[in-house]
Amino acid sequence: MKNQPQKTVHSYLRHNKKFPHVWCAGCSNGIVLGALIRAVDELGLGRDDVAMVSGIGCSSRMPVYVDFNTLHTIHGRAIPFATGVKLHKPHLNVIVVTGDGDCTAIGGNHFIHACRRNLDLTIVVVNNNIYGMTGGQFSPTTPTGDIATTSPHGNIDPVFDICDLAIGAGATFVARSTAFHSLESEEFIKRGLEHKGMSVIEIVSACPVIYGRLNKKGGAPEMMKQMRDNSIPVKALDKLPPEKTKGKLVRGILKHVEKDEYTLRYQRLVDSLKQEESK
Amino acid sequence: MPKKTTKKTTKKTEELDSIVLMQGNEAVARGAVDAGVNFFAGYPITPSTEIAEILSRELPLRGAAFIQMEDEIASICAIIGASLAGAKAMTATSGPGFSLMQEAIGYAKITETPCVVVNVMRAGPSTGLPTSPSQGDIMQSRWGSHGDAPAIVLYPDSVKESYELAIRAVNLSEKYRTCVVLLLDEVLGHMREAVRLPDLRKHRVINRIKPTVPPEWYKHYDENQKYLSPVASFGEGYRFHVTGLAHDATGFPTGRPAEVADMMARLKKKITSNIRDLVQIESFHMEDAKIAIFAAGITARSAKSAVMMARAEGLKVGLLRPLTIWPFPDDAVRKMLKNVETVIVAELNQGQFLREIARLIKDKDDSDIVPVRRVDGELITPAQILRIIKEVN
C-alpha cells in the first residue's frame, strides 16, 4: 500500500460510531472505501472540505463510517442532493458514492443530467451487478442471462455500460477500474477529485454472498481473480489481438477533457450581472 | 424585484407610486427574496412557473443560486442539499410535481432540514385541469409523505398575504427546522392585485442559529435546546452525519426502540408544543354569528363577500379562515364554533376540510355541518354561498 500505513485509513474512520459495519464478508465495499480515503489523504484535502453524499444500497452505506461531512439520502437521488451542496458551497469537494441500481436505474435521469451540466462532482459508482441490500434482484448492469431473485430463469434485459452512458451524457472525466485493482481505483478517484468537472469512476466490485452465489462465481477470492483475469487496461486494447480482448472489461481513463464547469459558469454569470449593474 | 418608479414630489403621488399591481406568484418570489432565500431549484409546471422565472432573474443578481433541475424530485433534493450546506432554500411546483416531491419532503422532516415548498394548486387528479383552481391538496400537504410526521402548511387568500406568508414560511422552516409548505390557489398565483409597497417592507427575518460548542460536543439534533436549536452546516468544521434512517440525537442511525421513540416524539413535539406560534386564523364577523362559514384561500374571498351580503340582509353570519391549515387550528375552531348553530364548509374539493370540522364538532348533528363543494375547475361564488346561507337560516 505505497507508504501509507493502515493507520492513515483508520484515522479517517468514525471508530466510536457505527462499527462493525453492515457489509457481508468478502464484499468489495471496504476496498473501495479504502481507495477513496487514500485518494483524499494523498491530495491532502481537509476533512471539513469534503462532503460525501450517497443514496440507498450497500455501497451507499459508506458515508456513515467516514469522518467527513456526510449525507446518506434517499434511493437514486444522491446526485441532486450533492448538486445542492456543491452549488451553494462550491469550495467543498463533493464525492457521491452510489451503486449500479441507485445510479443508473432509479437515479438514471439525475445521473445523465449531472453529466450534461458538468458540475464538479466526483461520482464513484460501485458496480456489483446486483441489488444487494434488497437481496439480489437484477440491476441495469446484471449481465444478460444471469440469475437474480427477480430473474430466476435468467435475465433477459440488455445491460448498461455505465462509462459509455457517462461519456455519452457529457461527463468530462470517466474511468473504470475494479476492486481487485485497488491502487488503480485509488489513482482514478484521485484524478477524478483533481478534475474540475463531472468525474465518473466506475469500480466493478464483488458481491460474493448474493450475486456470486446465485451465479456460481465462487467466493470472494475467486471473484477477485475473475476481475484480474477478465479485464484489460485500455492502453493494451490496441496492442492485443481481438481474440484476447473479446468480452474483456476495459479498465482505464476512458475520457478526460477540460470543459467549463457548472459553478464557474454560474459565477461568471453572477459577475457579469454585477458588472452590468455597476455600469 | 424593485420596481423603478418615476420620481414625483408630492406626497399623494408618492403614495400612488408605491402601489403596484402584482401577481400572487410574483408576491411569493418577492417574499422569498426578502426572507433571505438564496437557493432555488425548480422544474417548470403550470401554474407555478412564474415563481421560478422571476427567481431565475433575481437570484443571480444577488449572487445567489438558481438551478433548473431535470424534474421535481431532483428539485427538492437539491434544495435539501443546499440547505444542509447553509442555504435558505425553496422550490415551487404544482400538484403533479408536489406528488413527486413527497418522499423527499419526508426526508427533510426526519433530517430536520429547513426548506420551503410552494404548491400552487391546480385541479387534479393527474394532469387534471392545469390552469384551473382547486383545493385538492389540503390533505396531500398534510399526509402526502409516507411514514408519520407532522406538517406546517400555510395558505394565503390574497396577493399581499402571499408575500407575507412566503416570508413566514421561510421563517418557520428555519425556526422549526422542517419542510414548510406554502399552498397557493391557481387563481391567486395568476391574479393581479394592487399592493402597497410600504406594507411589504415590514417584516422580520428569522435565521437559524449557529452552534457555539466545539465540534466534539455538537449534536445535530439537540434535545436540550428549545426551538430554535443551533444547527451547523456542511463545511463549517462540525462534520456531522445526516441520514433518512431513524437516528439518535447525534444523527447516527439507530434501531434502538427508545432512541427511535425519542426521534419521533421530537418531530411531533416541536409542532404540538408550539401551536400558539404556528396557528394563525382570521375570524370575520364571528362575534354574534349563528351561521359560520369555514373556508381558506381563494374560497374564503368568496365567503367573505357572502358574509357581507348576508349581513346587509340582517343575517348573523361569520367566517373562520385559517392562514395556517396544518397543524389544524383545533382549539381555535372549537372555541369559535361553540356558539354557532350551523357551520358551512366551503371548499374546492370533495370534502377535505369537512372531515376536520366534523372531527372537532361532536355536539352538533350531521345536518348542522353543511358542505359547499365544487370540483369542476370553477370557483365557488359568493352567490352560491349566500344561497346556502339562506337555505340553512
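Note: hydrogens, waters and symmetry copies are ignored here, and every other heavy atom, side chains too, is used. Numbers restart at 1 for each chain; the letters A, B, ... are given by sequence-line order, proteins then strands.
- Heavy-atom pairs under 4.5 Å with chain B peak, among Thr73(A), Thr263(A), Leu269(A), Val64(A), at Val64(A).
- In this structure, Glu70(B) and Arg117(A) approach most closely via the heavy-atom pair OE1-NH2, 2.6 Å.
- Within residues 44-61 of chain A, the residues having any heavy atom less than 4.5 Å from a heavy atom of chain B are, in residue-number order, Arg47(A), Asp48(A), Arg61(A).
- For Phe68(A), the part lying near chain B is the backbone, with the side chain staying farther off; criterion is any non-hydrogen pair under 4.5 Å.
- If you measure heavy-atom distances from Pro215(B) to chain A, you find no contacts under 4.5 Å at all.
- Contacts of Phe234(B) with chain A are made by both backbone and side-chain atoms, with heavy-atom separations under 4.5 Å.
- Aromatic rings of Tyr107(B) and Phe81(A) (six-membered ring for Trp) have centroids within the 6.0 Å cut-off, being under it.
- In terms of heavy-atom pairs under 4.5 angstrom with chain A, the leader among Gly63(B), Gly244(B), Pro253(B) is Pro253(B).
- Shown here for Ala65(B) and Leu87(A), the closest heavy-atom pair between the two residues is CB-CG, 3.9 Å.
- Annotation: side chain of Leu71(A) is in contact with side chain of Leu84(B) (closest heavy-atom distance under 4.5 Å).
- Within the 4.5 Å cutoff, the side chain of Asn69(A) has no heavy atoms near those of the Tyr238(B) side chain.
- Here Ala78(B) is the residue among Ala41(B), Ala78(B), Ser75(B), Ala64(B) with the most heavy-atom pairs under 4.5 Å with chain A.
- Contacts between Arg116(A) and chain B at a heavy-atom distance below 4.5 Å are absent for every atom of the residue.
- Taking Arg14(A), His91(A), Glu277(A) one by one and counting their heavy-atom pairs under 4.5 Å with chain B, the maximum is reached by Arg14(A).
- Residue with the most contacts toward chain A among Ile73(B), Asn38(B), Leu59(B): Ile73(B) (heavy-atom pairs, distance under 4.5 Å).
- His72(A) and His241(B) have parallel rings, their planes meeting at less than 30° on a 0 to 90° scale where 60° marks the start of perpendicular.
- For chain A, no part of Ile76(B) is nearby; none of its heavy atoms comes within less than 4.5 Å.
- No donor-acceptor pair under 3.5 Å is formed between the side chain of Arg77(A) and the backbone N or O of Cys77(B).
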| task | Before giving the answer on side-chain contact (heavy atoms from CB on, under 4.5 Å), spell out for His88(A) and Lys88(B) the whole-Å C-alpha distance, their side-chain angles and the decisive distance to 0.1 Å. | result | CA-CA 10 Å; His88(A) 186 65; Lys88(B) 278 192 178 179; over 6 Å; no

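- When all heavy atoms are compared, the tightest approach of Ser233(B) to Lys89(A) is CB-NZ, 3.7 Å.
- Here the side chain of Lys274(A) pairs no donor or acceptor atom with the backbone of Leu61(B) at under 3.5 angstrom.
- The shortest distance between side-chain heavy atoms of Asp71(B) and His113(A) does not fall below 4.5 Å.
- When every heavy atom of Pro60(B) is checked against every heavy atom of Tyr266(A), the shortest pair comes out as CG-OH, 3.5 Å.
- Chain B forms the most heavy-atom pairs under 4.5 Å with one residue out of Val85(A), Asp271(A), Ile112(A), Val66(A), and that residue is Val85(A).
- Heavy-atom neighbours of Lys268(B) NZ from other residues, nucleotides or ligands within 6.0 Å: at or below the threshold of 12.
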